[in-house]
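What's counted below: heavy atoms across the whole structure, side chains too, no hydrogens, waters or symmetry copies. Everything quoted here is computed from the prediction, not taken from an experiment.
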Amino acid sequence: MAINAEPGDWAQAEGATGAGRAPRLIAALFGGLSDPLGALARARAQLFLWMPVALGVGVGAYFSLGIEPGWPIYLSTLVICALSLALWLRAAAWFRLPAALIALAALGLLLAGLRAHLVAAPVLQYRYYGPVSGRIVKIDRARSDLIRLTLDRVRIDRIPPAKTPARVRVTLHGDQSQFSPEPGTQVMLTANLSPPPPPAAPRDYDFRRTAWFDRLGAIGYTRAPVLRIAPPDPGDWAMAAHRARMRLSAAIQARIAGQPGAVAAALMTGDRSGLSEATREVMRRSSLAHLIAISGLHMGMLAGFVFGLVRYGLALAGRPALIWPTKKLAAIAALIAASGYLWLAGPAVSTQRAWIMVSIMLLAVLADRRALSLRTVALAASLLLIWRPESLTEPGFQMSFAATTALIVALGPWTRAARHLPRLLRPVLMLVATSLIAGGATAPIVAAQFHRLSEYGVLANLFAVPAMGLVIMPMGVLAALLAPLGLAGPALWAMGQGTAWILRVAEWVSGLDGSVLAIVQPGPWVIPLIALGALGAILTRGAGRSASVGLILLGGALWLRAGAERPALLIAPEAQQVGLMTSQGRALSKPSAGFISERWLAADGDPASLEEAAARPAFSGPRGARIAQFKRAPLAHLTGKSAKEALPAICAKGGFVVISTRVETPTGPCDLWDAARLRDTGAVAISATGEVTTTAQVKGRRLWTRP
């Protein structure tokens, strides 16, 4: 049975009736087993759809390695790629698909390794305090609601240029009222810098890898006023779009007051520096955070509005419209608008990904091909994986393509079902259906990446998304068109009403009882198994589809076991926190180390606050010497100036001792985890049976993990 990627495949087995139902169902489930070589030969037609899957497997293999590949591995992979390509060209028909997939997977690994080496830049090797100067290339806001600057062309006192990070990120503390940041400005400041921090737990998200591909070699903060050395260079075209973005954002926020204006600026320009942490949190809790990150939804709405506006506008020309290729002219106008939006919104990966997908769809219209198809999605995903392989590890990439693929697959069944629905109800039911389908497709990714799900996310999107498509994006386009005439006021007012409505929906939904469901962190193989299973279920039939469903079920079963496999003891990478699992949840040694503690609780699927977790019965004693029991042995967490003084007496009792300073020589029979040992291991997880897992073991020695 040939592989068929059409969205309606699921219905073929279900449509059988009467005496032929059972044989057809068996054929649908196990078709191809009688002639597997023939099935593989016929499947060659679907190679294009399998291309991003195979590339993704290779990219994923590179990032999952425990060591950085050397030239022997790269050379071997290149040979495999070449041999597989030769077999694809010359082998028997049945072997050409497997050969092509092997070649593409090998190519994915090579591309990921090449990209990692091309972006290589120095990383700060130690903590630094002193003068720092550079050019502002990014302005955003930290979790603390403080302004944060990213600098390039960095100069750091006492560090030679060859070892100076290409970029640093500094959070502005203290009184900075005299400084107004502007992209391209040369600044000087006195900063506390440190290398990008290691993961909060051995299997937690590794910021160091993200920083490596962003060429971000140090992060820190300053409490001193920022000094402006030189204004932006008017001839610096690299910063022209950024300056235009910030000025347009300021103009929008000046006309639309408060957080509705900040949301409008984020939607239209990509500048999210005006968004408060409270706004971000309610958007996350209500599953509306995707609305404030420029993605395929925004780009698609913008392009769709311009496409419709131009096409129907040309139709008003009367008779010439029957001769003009109005559809293609509208596609060209929409492509220009989308490209301008990309230029303005900046080089964020989500914006670039959205532009690629929309551009491919519009080019398909120009070529008289279907704009929405699995081939379009496959081409967009392949281009992104070739251009920026690290995108595979980003939640935005995963959610974007999961939602788009699911919606295209569901398009056929929806079209058939819509014929039997009342005409007036179709738009509402379609909105509900798309929210359910997209939400269901992205739910495993959201739960795995952020360890929580919004239980009323569909409800929030049902009320908020129409405002995006009917009010905000159209009014944004009209405001841009009318601004040169000084007539943008009414459009901006309407836009502000739309963003205010979205905020009201987000606040209402996030305030509902049980609005957020905490999810335990899955194991490393869960999402890959579910993703490969879902893709296989779409792209195959017969035995292949049955095996794909089996992969999804296996991933789900492994996820269900994840809660029982959570570490019994966690030690932070710099000994600033210790977490002990109890019958009531993880108990923290102190209500501090906010980011690390929050990551631990979230990964446990524990909705408790830091104060609640620290109050759980486990640790006792003064703040600098917290004592508990682990595996029937003492457990101590020593911090502060008196830690070394208290160490000999506590270590003499044996057990586990975690201390936040460096200890030169052991002082007793305890299992000591001091600052020096943790510097080598990173965060530590110890199971109930005593098995020790460290960040160094899990993450391995990679370009971004080397000290």
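- Here the closest heavy-atom approach between residue Gly700 and residue Thr705 is recorded as O-OG1, 2.8 Å.
- Between His117 and Glu68 the shortest side-chain heavy-atom distance falls below 4.5 Å.
- Between the side chains of Ser144 and Glu277, not a single donor N or O lies within less than 3.5 Å of an accepting N or O.
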Practice task
Could you check Phe207 against Phe213 for ring pair (Phe, Tyr, Trp, His ring centres under 6.0 Å), going step by step and ending with a plain yes or no?
Solution key: CA-CA 10 Å; Phe207 174 72; Phe213 285 95; over 10 Å; no
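- Annotation: the span from Tyr456 atom OH to Ser287 atom OG amounts to 13.5 Å, rounded to 0.5 Å.
- Remark: Glu691 CD is loosely packed, at most 12 non-hydrogen atoms of other residues, nucleotides or ligands lying under 6.0 Å away.
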Exercise for the section: Would you sort out whether Ile502 and Phe463 count as a side chain to side chain contact (heavy atoms under 4.5 Å, CB included), showing the intermediate values? Expected result: CA-CA 8 Å; Ile502 287 178; Phe463 284 107; over 6 Å; no
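- At least one side-chain heavy atom of Leu288 sits under 4.5 Å from a side-chain heavy atom of Val505.
- If you take OH on Tyr221 and CG on Asn192, they are separated by 3.5 Å, rounding to the nearest 0.5 Å.
- Between the CD1 atom in Ile219 and the OG1 atom in Thr171 there is a gap of 7.5 Å [rounded to 0.5 Å].
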Practice task
For the pair Ser133 and Arg155, evaluate side-chain hydrogen bond (donor to acceptor under 3.5 Å, both in side chains) and give the outcome as yes or no after the intermediate values.
Solution key: CA-CA 5 Å; Ser133 64; Arg155 292 185 178 182; 5.4 Å; no
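- Across all non-hydrogen atoms, the minimal contact from Gln176 to Pro225 is OE1-CA, 3.6 Å.
- The environment of Lys653 atom NZ is sparse: at most 12 non-hydrogen atoms of other residues, nucleotides or ligands sit within 6.0 angstrom.
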Problem - Derivation of the side chain to side chain contact (heavy atoms under 4.5 Å, CB included) call for Thr499 and Leu267 - result: CA-CA 9 Å; Thr499 54; Leu267 295 175; 4.0 Å; yes
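- Annotation for Val657 and Ile650: closest pair CG2-CG2, 4.0 Å, computed over non-hydrogen atoms.
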Exercise for the section: Show your working on side chain to side chain contact (heavy atoms under 4.5 Å, CB included) between Val578 and Leu569 and close with a plain yes or no. Expected result: CA-CA 7 Å; Val578 175; Leu569 179 65; 3.6 Å; yes
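- Of all the heavy atoms in Pro524 and Arg203, the pair that sits closest is CG-NH1, 4.3 Å.
- A distance of 6.0 Å or more separates the ring centres of Phe619 and Phe630.
- Lys138 NZ: 12 or fewer foreign heavy atoms inside a 6.0 Å radius.
- At a threshold of 4.0 Å, the pair Arg679-Asp674 does not count as salt-bridged, since none of the basic side-chain nitrogens sits closer than that to a carboxylate oxygen.
- A salt bridge does not link Arg504 with Glu507: none of the charged nitrogens is closer than 4.0 Å to a carboxylate oxygen.
- The backbone N or O of Ala575 sits less than 3.5 Å from a side-chain atom of His637, completing a donor-acceptor pair.
- For the pair Arg626 (side chain) and Ser589 (backbone), a donor-acceptor distance under 3.5 Å is present.
- One N or O on the side chain of Trp212 and one on the backbone of Ala116 form a donor-acceptor pair closer than 3.5 Å.
- Taking both residues in full, the closest heavy atoms of Pro195 and Leu124 are given as CG-O, 3.0 Å, listed atom of the first, atom of the second, then distance.
- For the residue pair Thr639 and Lys590, a side-chain donor N or O sits within less than 3.5 Å of a side-chain acceptor on the partner.
- Proximity of a side-chain donor or acceptor of Gln125 to a complementary backbone N or O of Val123 within less than 3.5 Å is detected.
- The two residues Val132 and Ala191 come nearest to each other via the heavy atoms CG2-CB, 4.1 Å.
- Phe397 has its side chain out of reach of Arg388: every pair of non-hydrogen atoms, C-beta onward, lies at least 4.5 Å apart.
- A cation-pi geometry, defined here as NZ or CZ lying under 6.0 Å from the six-membered ring centre and within 45° of its normal, holds between Arg702 and Tyr62.
- At a cut-off of 3.5 Å, with distance as the only test, no side-chain donor of Arg169 or Thr150 sits close to an acceptor on the other residue.
- Checked by atom type and distance alone, the side chain of Asp604 never pairs as donor or acceptor with a backbone atom of Asp606 at under 3.5 Å.
- Side-chain contact check for Asn461 and His290: at least one donor-acceptor pair (N or O, by modelled atom type) lies under 3.5 Å.
- Side-chain contact between Leu601 and Arg586 is present, with heavy atoms from C-beta onward closer than 4.5 Å.
- To the nearest 0.5 Å, the span separating OG on Ser391 from CZ on Phe401 amounts to 8.5 Å.
- Side-chain contact between Leu529 and Leu558: present, with at least one pair of heavy atoms (C-beta onward) separated by less than 4.5 Å.
- A salt bridge is defined here as a Lys NZ or Arg NE, NH1 or NH2 lying under 4.0 Å from an Asp or Glu carboxylate O, and Glu612 with Arg616 fails to meet this definition.
- At least one side-chain heavy atom of Leu647 sits less than 4.5 Å from a side-chain heavy atom of Leu672.
- Judged by distance alone, the side chain of Thr695 and the main-chain N or O of Ala683 form a donor-acceptor pair under 3.5 Å.
- Between Ser592 and Gln576, every side-chain heavy-atom pair lies at or beyond the 4.5 Å cut-off.
- Distance OG1/Thr164 to CZ/Arg167: 15.5 Å, rounded to 0.5 Å.
- With contacts defined as side-chain heavy-atom distances shorter than 4.5 Å, the pair Leu172/Arg148 does not qualify.
- No donor-acceptor pair under 3.5 Å is formed between the side chain of Thr279 and the backbone N or O of Leu275.
- Although no hydrogens or angles enter the test, the distance criterion places no donor-acceptor pair under 3.5 Å between the side chain of Glu645 and the main chain of Ser642.
- Note that CD of Gln521 is 11.5 Å distant from CD of Glu565, once rounded to the nearest 0.5 Å.
- Remark: the backbone N or O of Ser273 is paired with a side-chain donor or acceptor of Asp271 at under 3.5 angstrom.
- Contact check on Arg143 versus Glu598 returns a salt bridge, with a Lys/Arg side-chain nitrogen under 4.0 Å from an Asp/Glu carboxylate oxygen.
- For the residue pair Thr210 / Tyr205, a side-chain donor-acceptor distance below 3.5 Å is found, with atom types taken as modelled.
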Practice task
Would you please test Phe450 and Ile519 for side chain to side chain contact (heavy atoms under 4.5 Å, CB included) and show each step?
Solution key: CA-CA 8 Å; Phe450 306 109; Ile519 305 293; over 6 Å; no
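- By the 6.0 Å and 45° rule, Arg677 stacks over the aromatic ring of Trp673.
- Proximity of a side-chain donor or acceptor of Arg215 to a complementary backbone N or O of Val119 within less than 3.5 Å is detected.
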